[in-house]
Each structure stands twice: as C-alpha cells, then as structure tokens.
Amino acid sequence: MSIVTAVRRGDWHAVFGYAFFVALLTGGYYYNVTFVQLGLLDLGTRLVGLSETAVSWWMATLALVTLATAVVFGVTMDRQRWSSSLHAKLRILFGVVVAQVLLTSVAPFVRTAPQFGAWIILASISMGVGFPATFALTIDFVAVRDRGAVAAAATALTYFLANVYPLEWSIESFSQVVVAAMVPGVVLLGVLVFRPPRFLDRLAHQHERFGVGRFCQSGRVSMREAAFLVPLVLMFGVFFIDSLGFLRILDTPSLVLASWQSPEFSVHLTLAVVHVVGAVMAGVLYTTFDRRVLFLATFGLFSFTHLLYTFDIRIAMWFPSLSTGPSSPLNPVFYALAVSFYTTLNFALWPDLSTPETIGTHSAIGIGLAGFLSTFLSTALALYFQSTSVTLLDHLNLVNALALLLFVGLTVGVYVGRMHTLWEGRHGEPN
Amino acid sequence: MANPIELIPLLVVVFLLVGVQGGTVESMEIVTDGTHTVSEIPDVYVVGGGAVTIPNDTSVSGSVYVIGGTADVAGTIDGDVTQLSGNLSFASSAVVTGPTQYIAGSLAVADGAELESLTTAETLAANSPTSGRGPAFAAIQTLALALAAALLVRRFEFAFATVGRAVTSHPVVSGVVGLLVTATSLALVVFMAMTIILIPVSILGVGVGALTVAYGYLVFGYLVGQRIPIDRPDRASAVGVVVVAVTFELIGAVPVVGSAVQLVLLVVALGAVLVTYFGLREFEPVSLPP
C-alpha cells in the first residue's frame, strides 16, 4: 500500500510510519552533514588547537572506525534477525540517539587532543551502529514504490535545513541546533520503545510486504553479483568526487564565501531551494527510470559543475582583474543539484538492493564502503595534494576528469550491456 | 572594479555579436580597470571597466563595445560602437563613421557630435513587432506554425501522437526531464560561446533547442486539434495550433504567473519530446511493485 492509498483510506498509522522514517533519516543525515562534517573541523582547529591536517586525519579515522563498526553491526543485525524486527531496531536506535545527544552536548567542552580523539571514536561507534539500523527501518515503513519519493523528501528537508540554518559554522551553533532537534526524537523513540502503542505491532509486520527491494523482485541480489558491485563502485565514485572537490572548495575562501559561507542570506536560501528542486527531480527520475539514469545525471552534473569551476579559474588567469569579484553563482547551484541527486539515490538504492534478510549487511557495506571509505580516501588524497602544493586548477581538473571518466564509462557500459542483451537474444538465450 | 558576474554574460554577448558579424576575435582587447587614454585600438575593443578616453585629436579604427566602466569619446572612431552597459559619452568633437547601437547603460551625446547613425532602445522599440506590426507579425508566425503542423501531422502523425501521450500521461516526468535538460543545455551553450572557438556550435545548439521547443509547441496544437470536431487530423492540428497561439498570448498577458505557466508548458513539451526520442518510441516508466 503506497502513501497515497494510505491517505485516501485514512490509514494514519501507516502515514505516521512514513513521517517518522523521513524525520529519522533527515535527522541522521543533518547530524552527519552539519555537526560531523563541519562542526568537528571547527572544534578541532579552534577549540582544541589542532592543525587542519591533524583534524583531517581524525576525520579519516572517524570514517574508518564507522565503516568497521557498521559492517560488524550490519552483519550481526542480519544474523540475529534484528533487521526484520521493528522493536529491536527501535531499541537500538534509542540507545544510539541518547548516546549522540550526550556526545553532541559535551562536544563544545572538548579542549585537548586525547579528549577529541576519544570523542571521535565514540561518535564513530554510535554512527556505525546507527546507520544500518536506520536504513533497515525502510522495510518497516516505506512501500517499495514510494522509496524514491521518501528519499527525495529526506534529501530536500536535510539540505534545506542545512543551508538555511545555522549560518555560522561553529561547533557551539551546531551543537545547540542538533541537541534541540534530537530531544523530541529521544522522547518519541522512548515512547515507542518503553510504551509501544498498539499500532506499532501492525507496522512491525509491514516488512512482509515491503521487504523485498525493487531490484530484488526477480531474485535476491548477492553482494558478489554485478547487480550489487556495480552500484557500489559507482556510488563510491560519486562520494569520492564530491568529497575531493568539496574539500578543496571549502579550503578556497573566494569560492566558499560566495556560496556556502556567504554572509548573504539570499545565497543560502537559493542553495536550499535548489537542493529541494534537485531532490524532487531525482525522486521523479528514480521512480520513473532505471537507476542508471540517475547515476548518469549525477556524474554528468558533477562533470559539468567542475568544468564551470575550472572555467572560472581559467578566466581569472586570463583576465586577472576579473578574479577579485565573487565567483559565478552558477557553480554552487549546479553543485547543489548534483548533491541532491546522489543523496536521493543513496537513500533509496541500498534498501532497494536488499531483502529483510540482507538489509543490515547491504546497507552497512553500501554506505560504509561507498560513503565512509571513499571519504577517508579522498581526505587522504586531499591532504597529499595540500602537502605537494597542487594548485586549485589542477585539483579541480583531476576531480573533473574523474567525473567525466565515470560518466563516459557508465555510458559505454550501458551501451555494451545493451549490445550483450541483443547478442544473447539473437542466439536464443534468455536475457 | 568590474564585477565578473555582470561582465561575463555581457562578454558572451559581445563574442556572439562579433561572431555573427564575422569579426576577427584574435585582435580583441578587453579593458577591465584602470585609466587609459588610447590612440590606437585593435579590431575589437571592449571596455568592461575602468575609464577609457579617446582624445580630441585622435583617430582610431575598429569596433568598440562598452559593457562596463566609462568610455569618453572626443576623437574619431573609424568603425562602429555598441553599448550594452556602463557609461558612454560623445563630446561635441566626436566622430563615428559606422553605426552606433545603444542597448543599455548611460549614454550622453553632446551637440555637434557626428554619429553616422544612432540606434537607441526607443528606436528598437518603435521597430519591434509589438508596435504597429505586432499583430500582423504574430498572425504570420501563427499561420506558418499552423501550416508546419498540418504538413508534419499528415506525414508523421504517429510521432505527434507518441509525444502527445507523454505530455498527457507523464507531465511530471516530462517536466523534470525538460527542466534538467533546459538548465544544463542553457549553461552549456553560454559556456561554449565563451570558448570563442565553439561559438558556431553554441549557435547551432540554440537553433536545435528552438526547433525542439517548436516541435513541442506543435504537439500542443495536435492535442488541442484532437478535441476539435474536424475529421482530418492535419487540419485539426492546424486549427489547434491557432487556438494554442491565442491561448499562449492570453496567458502571457497575466503578469509573472503567465510567463511561469508558459515556461512550465514548454518545459513539459520539451521533456516529452526528449523522453519519446522525438516521438519515435513510446515512453514507458519502469514498473514498480505495488
């Protein structure tokens, strides 16, 4: 039963499931993109006094510990059958959110490097446990045909909030906002865990209908199959490209001050609206076309965005007097579009490649390798570039080349795949 | 100091104008800041910022474009002058042998200045199709589109029907695809033009885009024509195009909302044309479990 049917029938318990899941996904991702990715950099450099390089290494450590925790916990979830138990997942999430509220509250008081390191490890473990459990809730709350729309809603909400508020990238600011947002979540989760309403039992059985993902309808997808490995590699590429490019943009005041750190509220609002439009577009494309279209659009947009950035830099080289003004507003707009596209895909893809028996492992491997490991590697590469004084133009050129390579590779791959299908059909073999 | 956000689009327009006029862009010079008194200019001279003076007893030869900053002309320009922005002033001693075109910015022409011709925004407005010749022009344009619809539907009705079904059955998907393609292709066209070498490709891209949008427009005519009690689809489509043209004019008369509605309709039509491979294949979304 889709959400439209649920609303028509007045099945508000099912609608609650959708709303709860979107809120959970939004909260988790908002925590990741603001507090973890931006707030920790401020905490490490300003309050603890570490160098940017040292903080980047700690962030890379965070990525690796989160990956390891997620894989171990995701496999455990599937083996212990917690993946198909709504009550078990809610209990786990309650523990995770309580831990994260505590960690977030104390973060602004961290002052020494050992405290910072300990904080990173604890936060990594909480995230490593939290994200497979969150993604595994998809099968309890969201019908397969609605996953694109739900992913789009979570993406739109997350990036809208992240761009509109808070304007100041400081740990104190992030901490206050995140704790304020988490407390109602803790209360709600507490009620669902300790005083579960009766309708929760009905929702706990929905995985029997919603559990088998879109790409598993004709049979379970194993992690060793191309059906899982190809999206994994592509998603790894997407995260790698985004992270490597964004790290350098963050490091370039003329680029970041004209966009994500602009003092003008209108710039933030524009980016927020573009994220929402991008998420809606991605949701429609995911629901209507094969996932390859969304991958192609994402790589194409990233290629184009970095082409625009490099073009601006070349213009500045040719006409130095032009480089004193702000950079083109088109660049962050296209960047935001690309990010919304792949985030929507990321939210919907892993549950759609899973069944109730595999969702814990698949989500952990998918997001852990594609998201966290790629972030670790791109951080390391960015640090290497920094140490070897690679210029901004060369850096973005490389990111652009990677995006183009994946775009062309995917296009050729799709074409060759189609040829293979035609060849098989011509020889009377099933395809 | 010149603002690149304002300057770069105007530079693109200059490149396009130079390309269309067949100028030699190798000998172009762009001034973006500082104070300059020039006695000699290349074939194309662009004032984008700062202050440029052509003194009283000086004669320069070339095309001058003012897109920012200040240009004071007291001498002779053996060529044409185009102003897109900034401040341009002609002293009483100024002489321009070619046409002077004013599009926007601040223009001051002193008594005694000898300009071969001066085309201002008012002149352009007076010659535009909306004043006097407007209705006739619009009627001819509509008739041409109606004729095109009749001829094309007679030969390729299946294609119009396929695109039409995508418009009516999948307007959201068509709109999303149309919007994505429009946004990226517009940016691509502008940036291709900025490479100078790709100006012809850029112009070709604009042409292909316009034809695709026109195709979508005709599809609306076809769809409306199907609901008109005329047996022959080609004639019905022609009448439909006329109805669509009138409706578009009426919608466009509503401030802001009218333009937005027109844009949405055209984007949906463009997307429908693209997802059906210009009407060659039925658009089928992927099937999802219930």
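Here is how names work: the chains are called A, B, and so on, in the same order as the sequence lines, proteins then strands, and each is numbered from 1.
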Close approach to chain A in residues 260-282 of chain B, criterion heavy atom under 4.5 Å: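 Counting heavy atoms that sit under 4.5 Å from chain A, the residues of residues 260-282 of chain B involved are B/Val275.
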
Interface residues of residues 162-180 of chain B facing chain A - non-hydrogen atoms under 4.5 Å apart: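 Only B/Val172, B/Val173, B/Val176, B/Val177, B/Leu179, B/Leu180 of residues 162-180 of chain B have a heavy atom under 4.5 Å from chain A.
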
Test item: A/Thr288 and B/Val286 side chains (from C-beta on) under 4.5 Å apart, heavy atoms: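 Counting from C-beta outward, A/Thr288 and B/Val286 never come under 4.5 Å.
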
Using non-hydrogen atoms only, which part of [X] is less than 4.5 Å away from chain B: side chain, backbone, both, or neither?
X        : result
A/Phe289 : both
A/Leu307 : neither
A/Phe341 : side chain

OG1-CZ distance between B/Thr184 and A/Phe304, expressed to the nearest 0.5 angstrom: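 Nearest 0.5 Å value for the OG1-CZ distance: 6.5 Å.
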
Heavy-atom closest pair, residues A/Phe334 and B/Ala183: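 Nearest pair, atom of A/Phe334 first, then B/Ala183: CZ-O, 3.7 Å.
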
